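Everything below concerns the one structure shown next.
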Amino acid sequence: MATTGSAQFDSLGLKRVINGRSWVTILGGSRMQPEVQQAMVEAANTFIDFHELNRRAGERIARYTGAEAGLVVAGASTGLLVQAAACLAGSDPDRILQLPETTGMKDEILIYEKHRFGFEICYRTAGAKLKEWGKGEGDLADQLAAAIDENTAAVTYVYGPWMPCELSLRDVVAIAHDKDVPVIVDGAAMLPPADNLTRYIADGADLVTFSGGKGVRGPQSTGILAGRADLVEAARLNMSPYASVGRACKVSKEEIAGLLAALDQFVSMDHEAEWATWRASAETIAAAGSGIAGVRTEIQDGDPNRQGPTPVFYFDDGWDGPTSDEIHASLLAGDPSIQVAAGQHGEDIFVSPVALEPGEAELVAAALRKEFLR
Ligand SMILES: *Cc1c(COP(=O)(O)O)cnc(C)c1O
């Protein structure tokens with residue numbers, strides 16, 4: 001069996017996976033650059049004042065995001081949890097201990113109907129109740145304004161593939177701020193492009209969270225929170241190492257060091273050159289579909305909601321080879337196992353090139369070609 005590259009994982013009998021599905025948690029997130037790994041190794045051998053570490057690391061994040069303040073959190077999921085906790089309990093010590101029970105607090109977070117998503121549970125974990133808006137009659141801006149009431153703790157704005165909102169973040173911010181309600185943003189998977197680090201803050205968001213372990217390629221268990229100083233401070237108090245609703249979401253000193261090293265790299269690297277590498281991989285993989293009757297191939301590129309230029313294969317009516325399920329199963333059964341993405345949104349097979357190592361695009365292309373000719 002092909003080695004995973006980890007003696008421990010090999011000793012567990014795990015199979016090496018070629019990741020054609022992007023920086024997904026279920027396959028292990030992303031690969032950390034050597035600088036990031038080194039930063040973690042160095043940090044592992046230290047003691048520091050943790051509160052001070054959180055504050056200083058936050059200052060670095062503030063610098064990179066243009067926000068007043070920042071905080072390293074345990075994944076964007078924790079970012080969402082502490083966004084909610086900060087908007088519900090603030091920095092009040094009694095309220096922090098009271099969560100997730102919310103008597104006496106504003107506890108509703110408004111969410112646009114097309115932004116409903118699985119990670120909402122992170123808001124609810126802090127005690128928030130989700131209140132949907134946007135399905136009524138008439139102008140969306142009026143609907144949002146009408147939905148805000150004395151129980152509204154925050155309005156959330158979620159960026160994700162296939163989750164459009166006809167109102168821009170700026171529009172939503174203007175309406176919410178007019179009623180003194182903060183806007184919290186989930187931008188978990190929106191890096192790269194690197195511009196997004198500052199964009200949502202510039203658009204007026206009060207708190208923004210990003211994953212540290214997706215395109216930033218920090219430790220998988222990290223995330224970034226940035227925003228208004230008072231709310232970031234409240235988030236910090238609602239998180240580990242304090243006894244609080246976020247105590248279970250610990251981020252370690254090694255992870256903080258790793259995330260900072262990853263961010264340092266992310267803001268200084270040549271993203272265009274990297275995109276060109278991904279594009280070349282995408283073209284290598286897309287070529288697997290050329291000349292195959294019944295397979296329509298395209299490369300989806302430029303959609304900011306997609307991570308990297310993405311080869312997509314559709315099976316037309318003329319296709320009489322294996323089904324896409326059979327192809328996925330066959331790729332999965334190989335050694336190394338190849339994971340590509342399935343058609344959640346109408347695509348039969350799509351392959352994200354962003355987590356592929358040199359040489360792996362060729363392996364994926366060869367395996368797909370073999371399936372198409374089966
Ligand atoms: C990945 C993701 C999350 C969770 O982020 P983690 O860093 O894995 O905790 C939340 N929201 C969206 C939209 C995501 O894509």
Side-chain angles (χ1 to χ4, degrees), residues 19 21-32 36 57 61 65 70-86 109 111-126 128 130 154-165 169 172 183-193 196-197 199-200 205 207-227 235 238-240 245-252 254-256 258-260 262-263 266 303-308 310 339 341 344-345 350 352 354-355:
N19 177 4
R21 289 178 57 186
S22 172
W23 302 296
V24 290
T25 297
I26 195 160
L27 295 181
S30 50
R31 279 196 175 88
M32 295 185 292
V36 177
I61 289 175
T65 56
L71 182 67
V72 182
V73 291
S77 307
T78 300
L80 302 178
L81 188 153
V82 296
Q83 282 180 345
I109 295 182
I111 186 163
Y112 180 52
E113 55 111 354
K114 288 182 190 139
H115 286 175
R116 306 293 316 242
F117 69 143
F119 292 105
E120 282 176 26
I121 195 168
C122 303
Y123 289 138
R124 288 196 285 112
T125 304
L130 276 297
V155 177
T156 178
Y157 198 96
V158 181
Y159 283 97
W162 307 281
M163 296 175 95
C165 181
L169 175 58
V172 167
V183 175
I184 56 182
V185 172
D186 179 354
M190 302 306 286
L191 300 175
N196 285 343
L197 263 180
R199 173 163 302 144
Y200 311 136
L207 285 174
V208 180
T209 190
F210 300 102
S211 288
K214 293 179 179 166
V216 176
R217 279 171 280 174
Q220 214 220 323
S221 48
T222 58
I224 298 163
L225 185 75
N238 277 281
M239 201 182 75
S240 176
V245 81
R247 179 63 176 89
C249 313
K250 184 185 288 182
V251 55
S252 71
E254 297 85 355
E255 292 167 323
I256 292 175
L259 187 267
L260 292 178
L263 257 184
F266 183 76
D303 178 343
N305 282 333
R306 288 259 189 188
Q307 282 154 343
T310 308
Q339 291 222 15
Q344 249 181 31
H345 300 271
F350 70 89
S352 170
V354 299

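Each ligand, and each atom within it, is numbered from 1 in the order the structure gives. This is a predicted model, so every value here is computed, not measured. Below, each value reflects all heavy atoms present in this structure, side chains not excepted, and no hydrogens, waters or symmetry copies. We're numbering straight along the sequence, starting at 1.
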Would you mind telling me which of L80, V208, V72, L71 makes a side chain to side chain contact (heavy atoms under 4.5 Å, CB included) with L225?
L71

Closer than 3.5 angstrom, by distance alone: can the side chain of T310 be matched with the main-chain N or O of S352 as a donor-acceptor pair?
no

For ligand 1, list the protein residues that place a heavy atom within a distance below 4.0 Å of one of its atoms, sorted by chain and number.
T25, G75, A76, S77, F117, F119, Y159, D186, A188, A189, S211, K214

Stepwise ring pair (Phe, Tyr, Trp, His ring centres under 6.0 Å) check, Y200 with Y157
CA-CA 10 Å; Y200 311 136; Y157 198 96; 8.3 Å; no

Below 4.5 Å, heavy atoms only, C-beta onward: do Q83 and I109 meet side chain to side chain?
no

Any side-chain heavy atom of M239 sitting closer than 4.5 Å to one from T78?
yes

Is it the case that the side chain of N196 and the backbone of M190 share a donor-acceptor pair, with hydrogens and angles ignored and the cut-off at 3.5 Å?
yes

